[in-house]
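Heads up: the structure comes next, in structure tokens.
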Amino acid sequence: MISIDLIRRDPDTVRRSLSRRQEETAVVGELLHLDEQRRATIATADTLRAQRNEASKTIGALMKAGQGNQAEQQKEAVRQTGEQLRLLDETLRGLDEQTNSLMLNLPNIVSDEVPDGPDETGNIVIFEEGVRSIYDFELKPHWELSESLGITDFERGAKVSGRMFYVLGDTGARLQRALVNYMIDLHRGQHGYEERGVPFLVLKETMIGSSNLPKFADALYHDSDEDLWLIPTAEVPLTNLHRDEILEPNMLPLRYMAHTPCFRKERAAAGQQVRGLKRVHQFEKVEMYQFVEPELSMETLDAIVQAAADVIRGLKLPFHLLQLCAGDISFPSAKSFDLEIYTPASDEWLEVSSCSNCTDFQSRRSNIKFRREVGGKTEFVHTLNGSGLALPRVIIAILETFQQADGSVRVPEILVPYMGGQQVLHPIR
RNA sequence: GGAGAGAUGCCGGAGUGGUUGAACGGACACGUCUUGAAAACGUGCAGGGCUAAAACCCUCGCGGGUUCGAAUCCCGCUCUCUCCGCCA
């Protein structure tokens, strides 16, 4: 949520941000109007309430003094005030509801550091790193390799859970565990993150706090019986770890990571796009998350990007860093970067990480504040998230990049210890 | 799932209709004292709205109701604890 104060003070900044996101700006005027009505109503109601409180005190005093008659007269007057108040409160509730619903659907303000652009075509490659191998044999696509090596079993995945689900075979499950442990060890040892094991089903309030609800309900799996929602990313529970808290001085920065499954409906997906492990309803991911002081959030974003890039560097995969343009940036983000690995057989760049500075957008929704010093005033923290990394796509990149002429795949050196010394994955069918 | 108890500020804990937004204790911060610290003493210490700042208003798990007036009474919900049942 952005601050209503900002809309009041500087509506043009909000309009400009919305336009850069290719969204309608009329909502700003609506909010301005609602806010005016709201505040006028509050002012009137507060005055009435003050009168009532005062009169009630007088009545109390009169009763004590045994002047019942005068008290009764006063009561009648105050009863009328109470009736007026009831009406005003009802009006106010309506205004609050309207305001809230508009506010919850308003995206974060795009940072000035973000380039203009209509959609993903406007994203900018910041740098490319690593060497693309040259192959003297015909490359196999990942969906063939993963089946022949016993990484995946799509047929049984579909049997058990339907389209866009998969089963990992013995080698695949082991490779995934190896990758998870490698990533978590790296982030703990080199980047200062501590681990959390979080719930995968969360309350509606939790989804609102991270800004997945109300706007993106159709992307989420939901148990209507108990009104619990399956997380689409660990960002959701990690954001809410400190919901409704005031963090004491010296607690920041907080660096968390969590390894979780991610559940996504991916309704729009179809055709070539969903071949193999690339786009699935359930996948695992190691997520990094930070709570920081506002003035440090932009440099922290760079650090998160580097931490994610370090994972790829360790695997010796070629990748590039993409800065997302204003038209492609996600709802809660002020500034985002994606990391994409090059996959030689598919000949495309595959997004394995998205890192965002959500500034105070999520902390306002989740009411997460901090104090700079004991007894100091409270401020909203800034929150940042970054994948570090999404597993199926890393597996895809490993398979396509390190495949050999005989159909086997080399295990990246850094993973060998995590694979019990295994250096090559051999076809099993 | 059944039975019972409870939910108050950073923590413990009082408060059952009227200067109680909240006694008292602890923690914490500042000050006095001290070479320094401890102890002792003094002061401060919930969040939020509206303000230039006050005044004022809201909040005692959440929502609704009764009343001139609710932390206190009534109804619903959520959560926690204890016992029983079930269960990896």
Side-chain angles (χ1 to χ4, degrees), chain A residues 1-9 31-101 103 197-209 213 222-229 237 240-252 254 261 291 360 363-381:
Chain A
M1 200 144 61
I2 65 173
S3 150
I4 184 77
D5 203 45
L6 176 67
I7 299 176
R8 211 181 285 151
R9 242 182 26 242
L31 275 167
L32 242 24
H33 180 63
L34 276 171
D35 182 53
E36 214 168 291
Q37 286 183 287
R38 228 185 107 253
R39 293 201 297 160
T41 310
I42 289 174
T44 314
D46 276 3
T47 309
L48 283 177
R49 236 184 291 273
Q51 281 171 18
R52 187 184 67 180
N53 290 345
E54 193 54 44
S56 289
K57 261 183 208 168
T58 314
I59 291 171
L62 287 172
M63 303 274 280
K64 241 178 208 166
Q67 300 175 294
N69 278 350
Q70 288 187 43
E72 287 306 317
Q73 284 174 18
Q74 284 273 337
K75 277 191 191 181
E76 183 47 39
V78 179
R79 208 187 317 256
Q80 283 170 23
T81 309
E83 202 44 53
Q84 275 177 278
L85 261 173
R86 218 183 304 274
L87 290 173
L88 279 173
D89 280 341
E90 217 165 286
T91 309
L92 190 59
R93 212 170 318 176
L95 290 169
D96 275 343
E97 230 163 81
Q98 286 180 63
T99 306
N100 230 329
S101 121
M103 288 298 282
V198 295
F200 308 150
L201 285 134
V202 299
L203 301 171
K204 185 172 59 199
E205 291 72 28
T206 300
M207 282 293 183
I208 292 172
L213 283 180
H222 177 220
D223 167 45
S224 55
D225 189 33
E226 302 198 15
D227 198 19
L228 285 171
W229 300 74
N240 285 272
L241 243 36
H242 295 291
R243 191 173 73 218
D244 292 323
E245 288 184 28
I246 297 170
L247 305 172
E248 291 308 316
N250 304 322
M251 273 179 80
L252 298 178
L254 286 167
F291 297 86
D360 58 358
S363 60
R364 280 180 191 280
R365 286 178 167 244
S366 314
N367 191 29
I368 308 167
K369 300 180 175 176
F370 77 105
R371 275 187 243 272
R372 292 179 191 274
E373 53 197 55
V374 175
K377 67 175 199 291
T378 61
E379 297 173 53
F380 287 107
V381 299

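Excluded from the calculations below are hydrogen atoms, water molecules and symmetry mates; all remaining heavy atoms, backbone and side chain alike, are included. Numbers restart at 1 for each chain; the letters A, B, ... are given by sequence-line order, proteins then strands.
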Give me the distance, rounded to whole Å, that separates B:G12 from B:A7 when you measure between the P atoms they each carry. 12 Å

Could you measure between the two P atoms, the one in B:A38 and the one in B:A29, and give it in whole Å? 10 Å

Applying salt bridge (charged side-chain N to carboxylate O under 4.0 Å, His left out) as the test, list every pair that has at least one member in residues 41-53 of chain A; sequence neighbours left out. A:Arg49-A:Asp89

Is any side-chain nitrogen or oxygen of A:Lys369 closer than 4.0 Å to OP1 or OP2 of B:G48? yes

Rounded to the nearest Å, what distance is computed from the CG atom of residue A:Leu62 to the P atom of nucleotide B:U19? 15 Å

Using Watson-Crick or G-U wobble pairs with both distances under 3.5 Å, give me RNA chain B in dot-bracket, 5' to 3', with [ ] for crossers and | for pairs to another strand. ((((((((.[[[..)..(.....]]].(((((.......))))).((((......)))).[[[[[..)....]]]]])))))))....

Applying side-chain hydrogen bond (donor to acceptor under 3.5 Å, both in side chains), name anything that partners A:Arg9, two or more places apart in sequence or on another chain. A:Asp5

A:Arg365 and side chain to side chain contact (heavy atoms under 4.5 Å, CB included): which single residue from A:Glu205, A:Met103, A:Met1 fits? A:Met1

For A:Glu36, I'd like to know if atom CD has over 12 heavy atoms of other residues, nucleotides or ligands within 6.0 Å. no

First of A:Gly82 and A:Glu248 reached from the 5' end of RNA chain B, by closest nucleotide: A:Glu248

Find the distance A:Arg371:CZ to B:C10:P and express it as a whole number of Å. 8 Å

Using the C1' atom on both, measure B:U80 against B:G69 and round to a whole Å. 32 Å

For A:Arg8 and B:C50, is the shortest distance between a side-chain N/O and OP1 or OP2 below 4.0 Å? yes

May I have the distance from A:Asn367 (atom CG) to B:A46 (atom P), rounded to whole angstrom? 17 Å

Give, ordered by number, those residues of residues 74-81 of chain A having at least one heavy-atom distance below 4.0 Å to an atom of RNA chain B; if nothing qualifies, reply none. A:Lys75, A:Val78, A:Arg79

Sub-3.5 Å pairs of nitrogen or oxygen atoms, protein against nucleotides 58-66 of chain B:
| from | atom 1 | to | atom 2 | distance (Å) |
| --- | --- | --- | --- | --- |
| B:G64 | OP1 | A:Arg93 | NH1 | 3.3 |

Applying side-chain hydrogen bond (donor to acceptor under 3.5 Å, both in side chains), can you list everything that pairs with A:Thr99, at least two apart in sequence or on another chain? none

Rounded to whole angstroms, how far apart are NZ on A:Lys377 and C1' on B:U51? 16 Å

Write down the distance separating the P atoms in B:C11 and B:C62, rounded off to the nearest Å. 15 Å

Salt bridge (charged side-chain N to carboxylate O under 4.0 Å, His left out) involving A:Lys57 - partner list, sequence neighbours excluded: none

In whole Å, what separates the C1' atom of B:G9 from that of B:G44? 15 Å

State which residues pass side-chain hydrogen bond (donor to acceptor under 3.5 Å, both in side chains) with A:Asn100; sequence neighbours excluded, sorted by chain then number. none

What interatomic distance, in whole Å, is found between C1' of B:C30 and the corresponding atom of B:G21? 24 Å

To the nearest angstrom, how far is A:Asp244 atom CG from B:C10 atom C1'? 16 Å

Output all residues satisfying ring-ring contact (aromatic ring centres under 6.0 Å, His included) with A:His242, sequence neighbours left out; order by chain, then residue number. A:Tyr256, A:Phe291

With a 4.0 Å cut-off on heavy atoms, is A:Ala55 in touch with a base, just the backbone sugar-phosphate, or nothing at all? nothing

Partner residues of A:Glu379 under the side-chain hydrogen bond (donor to acceptor under 3.5 Å, both in side chains) criterion, sequence neighbours left out: A:Arg372

Side chain of A:Ala50 - closest among B:G47, B:G48, B:C56: B:C56

Expressed as a whole number of angstroms, how long is the span from A:Glu83:CD to B:U67:P? 10 Å

A:Glu226 and A:Leu201: side-chain contact (heavy atoms from CB on, under 4.5 Å), yes or no, with the steps? CA-CA 10 Å; A:Glu226 302 198 15; A:Leu201 285 134; over 6 Å; no

Determine the contact category for A:Ile42: base if any of its heavy atoms lies under 4.0 Å from a base atom, sugar-phosphate if only primed atoms, P, OP1 or OP2 are that close, otherwise nothing. nothing

Please check the phosphate of B:U51 (OP1 and OP2 only) for any side-chain N or O of A:Arg39 closer than 4.0 Å. yes

Residues two or more places apart in sequence or in another chain: which of them pass salt bridge (charged side-chain N to carboxylate O under 4.0 Å, His left out) with A:Glu373? none

Between atom CG in A:Leu247 and atom C1' in B:G47, what is the gap in whole Å? 15 Å

Given the rule in the side-chain contact (heavy atoms from CB on, under 4.5 Å) test, do A:Leu228 and A:Leu203 qualify, once you have shown the distances and angles that lead to the verdict? CA-CA 5 Å; A:Leu228 285 171; A:Leu203 301 171; 3.9 Å; yes

Taking only residues two or more places apart in sequence or in another chain, which ones pass salt bridge (charged side-chain N to carboxylate O under 4.0 Å, His left out) with A:Asp35? A:Arg8, A:Arg38, A:Arg39

Please state how far atom NE2 in A:His242 lies from atom P in B:C10, giving the value in whole angstrom units. 16 Å

Looking at A:Thr58, does any N or O in its side chain come under 4.0 Å of the phosphate oxygens OP1/OP2 on B:C68? no

Looking only at atom P, what distance separates B:G64 and B:A55, rounded to whole Å? 28 Å

B:G42 and B:G6, which share atom name P, separated by this distance in whole Å: 37 Å

Considering only NZ, NE, NH1 and NH2 on the basic side and carboxylate oxygens on the acidic side, decide whether A:Glu72 and A:Lys75 come within less than 4.0 Å. yes

Between A:Ala45 and A:Gly60, name the one whose nearest nucleotide on RNA chain B is closer to the 5' end. A:Gly60

